[in-house]
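Chain letters run A, B, ... following the sequence lines, proteins first, then strands; residues in each count from 1.
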Amino acid sequence: MAKKPRAAGKLPNDDIGQATRLALYRSQQVLRVAEQRAFDLFLQNLVKGTSHLSLGQEAIAAGFALAMQPGDLSFCTYRGHAHTLARGVPVEKVLGELMQRDNGLMRGKGGSMHLTSAEHGVMGSYAIIGAHLPIACGAAWRAQYRGDKDVSVCFFGDGTTNIGAFHEALNFAAIWKLPVVFVCENNLYMEYTPIGDVTAVEHPAADRASAYGLPRIIIDGNDADAVFRTAGAAFARARAGEGPSLIECMTYRHSGHSRADPAKYRPEGELERWKERDPIKIYRERLTQFGIADATIARIDAEVLAEVDAATEACKAAPMPTEEILFTDVYADGGWAWRN
Amino acid sequence: MAKKPRAAGKLPNDDIGQATRLALYRSQQVLRVAEQRAFDLFLQNLVKGTSHLSLGQEAIAAGFALAMQPGDLSFCTYRGHAHTLARGVPVEKVLGELMQRDNGLMRGKGGSMHLTSAEHGVMGSYAIIGAHLPIACGAAWRAQYRGDKDVSVCFFGDGTTNIGAFHEALNFAAIWKLPVVFVCENNLYMEYTPIGDVTAVEHPAADRASAYGLPRIIIDGNDADAVFRTAGAAFARARAGEGPSLIECMTYRHSGHSRADPAKYRPEGELERWKERDPIKIYRERLTQFGIADATIARIDAEVLAEVDAATEACKAAPMPTEEILFTDVYADGGWAWRN
Amino acid sequence: MAELTYRDAVARGIAQEMARDPDVVFLGEDIGKPGGVFKATVGLYEQFGPLRVRDTPISEQAILGAAMGAAMTGLKPIAEIMFSDFLAVCFDYIANEIPKTRYMSNGQLKCPLVVRTANGAGSRFGAQHSQSVENWAMMIPGLKVVAPSTPRDVIGLLAAAVRDPDPVIFFEHKSLYATKGEVEDGEIVDTLGTAKILRPGAHATILALALMVPRALAAAERLSAEFGIEAEVIDLRSLVPLDTRTILGSVSRTHRLFTVEENPRLCGWGAEIVSIVADEGFYDLDGPPVRITTPHIPLPAADVLEDMVLPTVERIVDRVRKSLEA
Amino acid sequence: MAELTYRDAVARGIAQEMARDPDVVFLGEDIGKPGGVFKATVGLYEQFGPLRVRDTPISEQAILGAAMGAAMTGLKPIAEIMFSDFLAVCFDYIANEIPKTRYMSNGQLKCPLVVRTANGAGSRFGAQHSQSVENWAMMIPGLKVVAPSTPRDVIGLLAAAVRDPDPVIFFEHKSLYATKGEVEDGEIVDTLGTAKILRPGAHATILALALMVPRALAAAERLSAEFGIEAEVIDLRSLVPLDTRTILGSVSRTHRLFTVEENPRLCGWGAEIVSIVADEGFYDLDGPPVRITTPHIPLPAADVLEDMVLPTVERIVDRVRKSLEA
Ligand SMILES: Cc1ncc(C[n+]2csc(CCOP(=O)(O)OP(=O)(O)O)c2C)c(N)n1
Ligand SMILES: Cc1ncc(C[n+]2csc(CCOP(=O)(O)OP(=O)(O)O)c2C)c(N)n1
Ligand SMILES: [Mg+2]
Ligand SMILES: [Mg+2]
């Protein structure tokens, strides 16, 4: 695991300020509670279509998002609820889209796999494996061309490293020295197949970094501090015009791949072992270690729960999308006419 | 450069037997003379469409082909004349296809970019960059599944290493341990753009081998002995069930990318420097060094020229393809009917 | 005779062919141990083992390329592309490699393989996981294109596809996986290129495919019961080869043509068929041929929205009735 | 006024737009210093420099993906895909990403970009470098699809495409690059979605696109001179938006419809248009609409064979005459 050298005499993680620490905790807690709620709503048949939760992977979304600046751009996958929420998109907007209501981010036109909130820098969630890596390059190219200082951050899974677009994007970003950060969330599985069964190297992203002239970076994706620190370094590199980074974050998803998946393919005890390393559990301990009172934590938890509860009620009360929007925004004139 | 350890006390290249040495020379000479002829015929407007010559790259085609056994399968690119000829396909069949005559390998239906001679193990030439790497994997999978001992050999250029299919095929071959040998002919250029301008690593194939758990192999592609030796080792590994190899052969094309290209993008003196390392020149010296008489060389040269001359005349005399074959072999029933 | 789901029919069809011929191999993502994301291939891994039922990485180009190379050299691969929308990431094999190899080699090379893929809407998956893309395959010379609507047809046409010496793109409909139908015991092998008249009728010909077949049938019931209009419903079953004989024959009796297409309108299979009938059956037509399609828009995710865009029984009834009354 | 080749018109059109708007950037393989493999972009690198005219690796997915990401965030990229056949290797961007982003995001994201590509036969390049694939784009909701037949249209439609806020797939015809035409001086900007009646006529409507336009015109000349048949020839110029008004208007005057399509038959643009006219213009038609297409086969490489398959002036004359005489 690549770690930044620690200043002598300091505690581990002492480089993370207290305000940042509280923000990281709150963010992870929002993701956790909102996604657990999404799962409950699914059981009540109120979340439609498919959905892919990031339970257990919250530290990555929270850590990267908190290290981003407002103009930075996120490119997510179908497993994008967490990354979308972490950029500050209201819970109601996300749950509304999952419930396919008119108050959703895209008013039900996109669905859970395509969460987009341009005003928050969430430039779409992409459901075809690998497609968004080149797209993130393009956004970074624009920043480079214009001299804008924003960074494009592209999240994807371990399984995504075996598709052609991964390779094309990494080479492209490297040769053009684009300000893009590729974040592989290695949760050990594709849908139901272990990544190790179908990949020629142990670390599907990091062990390929050298193929693009990039350093090999593997971090503990369940430690929000480590994520935040690594993100910051990569963003600084990008903004300095030094080019892309490829970061492999080791993590684990607590739930199945999608709502249809009971995840029976996992060896016994694996989930339990990883729950010992639950990012939120780790982070609660970290807060305590840094002297934050239980009452403070409890207050944050209560606030988050209230926010998610309110969002839930708003979504339940929200109307369904109506026929007019079916035919809007196919083309830029607002409509769908392919003929005169 | 990865070299096999040399037995103590021996001359370099002493491991190559005299018969092999003569065969390697003859083969390279056939490729050289046949392709020069193709160029002459193009100037006479008798070669139609496009064509991509391997002048200067003959050692690779000759070295690999000679190391192959009869059942082994070649998968070539549009720059496939040399590899096709090297498997023993008659010059007339190749020139005929380039001249789009009825005596061509595919009777004019495929053209110079798609040379195929199944009976010689030439399982097609593919004109879309990268497409044949996965296809070669499939043929190798069949061999593995059936317990056949043949090897699939897949040739491609340096530029091909940046397309997605390259990445997918290499990973696929590695995890299934397929008996396939990937041969990158690094001639420094894609069409008109230097590979170094658009690739994140110096050696576009070899520097990525580790991304697939494969060893880094770079050889002098203008030395037929080195090629032959390396090919043999890779084939042995494949036949032993030890999986794929990726071999980067350094070389240079003497002509433009295709018949339309005067190759003005090359820095002054580059071609001349590489002509000093012309594989046929190198190999003539090698023959002399190993005691082969000038007269023997001259006799081979004369035989080759006679063969190419005869093929040329046969092609000039051959009829054009006729309308009937237009509609054959779209489907396996021999015809093209998509309806009743 | 047994009742079987369309989903289980897929597994039974594959098993039938794998048991028959050791050259039949099967590859795709999560198809093996997990039994496929649609659970349409459950049990095959256990029955035929990891050498014949192979899980792959997420590398659709490698999947189709490998299937092609294996087919060229003697195997009869079945490749799964999980969602038909993903044919776009391996489209070079669909459009340029697999279908053209036999022709370009003047018959030296062959490509006997089947690409199975889950097609169509109804699962609220949104624009990139719900498309009906039969025309992506139909427009390419050298392919055969099949899309069954019943469990029995799944088995029979899959078997025919596997035994066919040409490459076949086999579209299974996601929204039919859970549907059931009677299937006889024993081996079933059907014939590609044969449409089925599911309901005879004298007043109009309705052509449908896959999920649109039950809707066309239901519409025909209502047209008959409520309006006395007797529509002939034809399940095309395969687009290539196309059973133009049955289509033109039907129109020569009914004098009116309707297509019910799940695809967005432009260049759908219905366009091709209308152009054939308008040319060769022009004087048989008593009124305009009408295409009932999904509008030419990307598919929305929301259930209420998705339900509005696909051709419904109601829309079919309406269009046929209005057109015949005009 | 100057005479310009179609090839040079491409470079002039791009230069016009790049000079106008610094957000217009251009990327592709060998397009920069080398000026493109068809020499259609010579001089742009020198004029606009390496930051705006960028050579890429052979990575078509990265090319289109990067164009898309840049377009989403404010640039107006022009991406070259060297041969239109290669759209198959980056088809996910053509079919699933670029066209659907605006809709899926409910208007939050946009994709104002142009994909230029060399289309069509005539160069004896064989089955993988000669296809006419306008229907690959036409069938996808969310795209616009343009195919000019003259140097002037190249400039005007390219400018319109670059200025259009939607993604446009711009098909240049390889066999037209060397053709010449008169082009006025100064800025030229045309309008997408407008077909052009190039020759009026009362007896038949002939629709054509790109390379088929000069052939349709020559056929019309001969039909007139030799048979007294006056055919109206329409250059469609853009398939999406489709100028159905001009098409239906013409058929309402001529009562007969012919399409001349370079694509292999199934699901070509002509199928779609025939299905529209057969429906909406049914009572205008005095006889069967006829499609004159390349047969539904892969393209052969040999010059003599290639010349046999594309619609020729002779075949057009023949089909129109026989059909009108029937
Ligand atoms: C091109 C393509 N192939 C297959 C799929 C189906 N699919 C959706 S998610 C998934 C697994 C992805 O695994 P990974 O990249 O590890 O991400 P994770 O789901 O673990 O976050 C697959 C195969 C797809 N969406 N796109
Ligand atoms: C997918 C695809 N993109 C682009 C091309 C056009 N093209 C043909 S050859 C070539 C250069 C290939 O370079 P390299 O792999 O180094 O092979 P070489 O020609 O040097 O043998 C290109 C870009 C193609 N045929 N296919
Ligand atoms: Mg994963
Ligand atoms: Mg090269």
Practice task
Indicate whether any N or O donor in one side chain lies under 3.5 Å from an N or O acceptor in the other, for T244(D) and N340(A).
Solution key: yes
Problem - Under 4.5 Å from any heavy atom of chain D - which part of L326(A) - result: both
Fill in the blank from the handout: Whatever's closer than 4.5 Å to a heavy atom in chain D on I175(A) counts as side chain
Handout entry: Residue among G142(D), G193(D), P241(D), A67(D) with most heavy-atom pairs under 4.5 Å to chain A
Key = G142(D)
Handout entry: K196(D) atom NZ: more than 12 heavy-atom contacts under 6.0 Å
Key = yes
Completion exercise
Assert top hit (heavy-atom pairs under 4.5 Å, partner chain D, pool G130(A), A169(A), A165(A)) equals A165(A)
Exercise for the section: Go through the atoms of Q144(A) and report whether side chain, backbone, both or neither lie under 4.5 Å from a heavy atom of chain D. Expected result: side chain
Exercise for the section: Start with the C-alpha gap between F75(A) and M72(D), add the side-chain angles, then the distance that decides, and say whether side-chain contact (heavy atoms from CB on, under 4.5 Å) holds. Expected result: CA-CA 12 Å; F75(A) 294 82; M72(D) 279 167 54; 4.0 Å; yes
Problem - Minimum side-chain heavy-atom gap N106(D)-T328(A) below 4.5 Å - result: yes
Problem - Best-contacting candidate, A140(A), G164(A), A118(A), against chain D by heavy atom pairs under 4.5 angstrom - result: A118(A)
Handout entry: Point-to-point distance, once rounded to the nearest 0.5 Å, from CZ of R107(A) to OG of S105(D)
Key = 13.0 Å
Handout entry: Which atom of P134(A) lies closest to which atom of Y93(D), heavy atoms considered
Key = CG-OH, 3.2 Å
Problem - Reported CG-to-OG1 distance for the pair D148(A) and T73(D), which is rounded to 0.5 angstrom - result: 8.5 Å
Handout entry: Ion pair check, E272(D) and R339(A), cut-off under 4.0 Å
Key = no
Exercise for the section: Indicate the atoms forming the closest heavy-atom contact of D92(D) with A131(A), along with that distance. Expected result: OD2-CB, 3.4 Å
Fill in the blank from the handout: W176(A) and T56(D) have their tightest heavy-atom pair at CZ2-CG2, 4.0 Å
Exercise for the section: Check whether any side-chain heavy atom of Y103(D) lies under 4.5 Å from a side-chain heavy atom of H114(A), and answer yes or no. Expected result: no
Practice task
Over all heavy atoms of both residues, which pair between V240(D) and Y331(A) is shortest? Give the atoms and the distance, please.
Solution key: CG1-OH, 3.4 Å
Handout entry: Note, K144(D) side chain near W338(A) side chain (heavy atom, < 4.5 Å)
Key = no
Handout entry: Region of I276(D) that comes under 4.5 Å of a non-hydrogen atom in chain A
Key = side chain
Fill in the blank from the handout: Checked K100(D), R52(D), E60(D), R54(D) vs chain A; the most non-hydrogen pairs under 4.5 Å come from R54(D)
Fill in the blank from the handout: Most heavy-atom pairs under 4.5 Å with chain D, out of I135(A), V330(A), L73(A), T116(A), belong to I135(A)
Handout entry: Which atom of W141(A) lies closest to which atom of L27(D), heavy atoms considered
Key = CZ3-CD1, 3.9 Å
Exercise for the section: Could you tell me whether the side chain of D329(A) and the main chain of R102(D) form a donor-acceptor pair under 3.5 Å? Expected result: no
Exercise for the section: Assess whether atom CZ of R245(D) is packed by more than 12 heavy atoms of other residues, nucleotides or ligands within 6.0 Å. Expected result: no
Exercise for the section: Below 4.5 Å from any heavy atom of chain A, which atoms of L248(D) appear? Answer side chain, backbone, both or neither. Expected result: side chain
Handout entry: chain A contact via Q108(D) - which portion, at a heavy-atom distance below 4.5 Å
Key = both
Problem - Pairwise side-chain contact, M104(D) with K109(A), heavy-atom cut-off 4.5 Å (strictly under) - result: no
Handout entry: G74(D) backbone acceptor or donor facing R146(A) side chain under 3.5 Å
Key = yes
Handout entry: Part of L75(D) within contact of chain A (heavy atom distance under 4.5 Å)
Key = both
Practice task
Drop me the distance from L109(D)'s CG to S117(A)'s OG, to the nearest 0.5 angstrom.
Solution key: 9.5 Å
Handout entry: Region of N171(A) that comes under 4.5 Å of a non-hydrogen atom in chain D
Key = side chain
Handout entry: Where N96(D) and I128(A) come nearest, the two heavy atoms and their spacing
Key = ND2-CD1, 3.4 Å
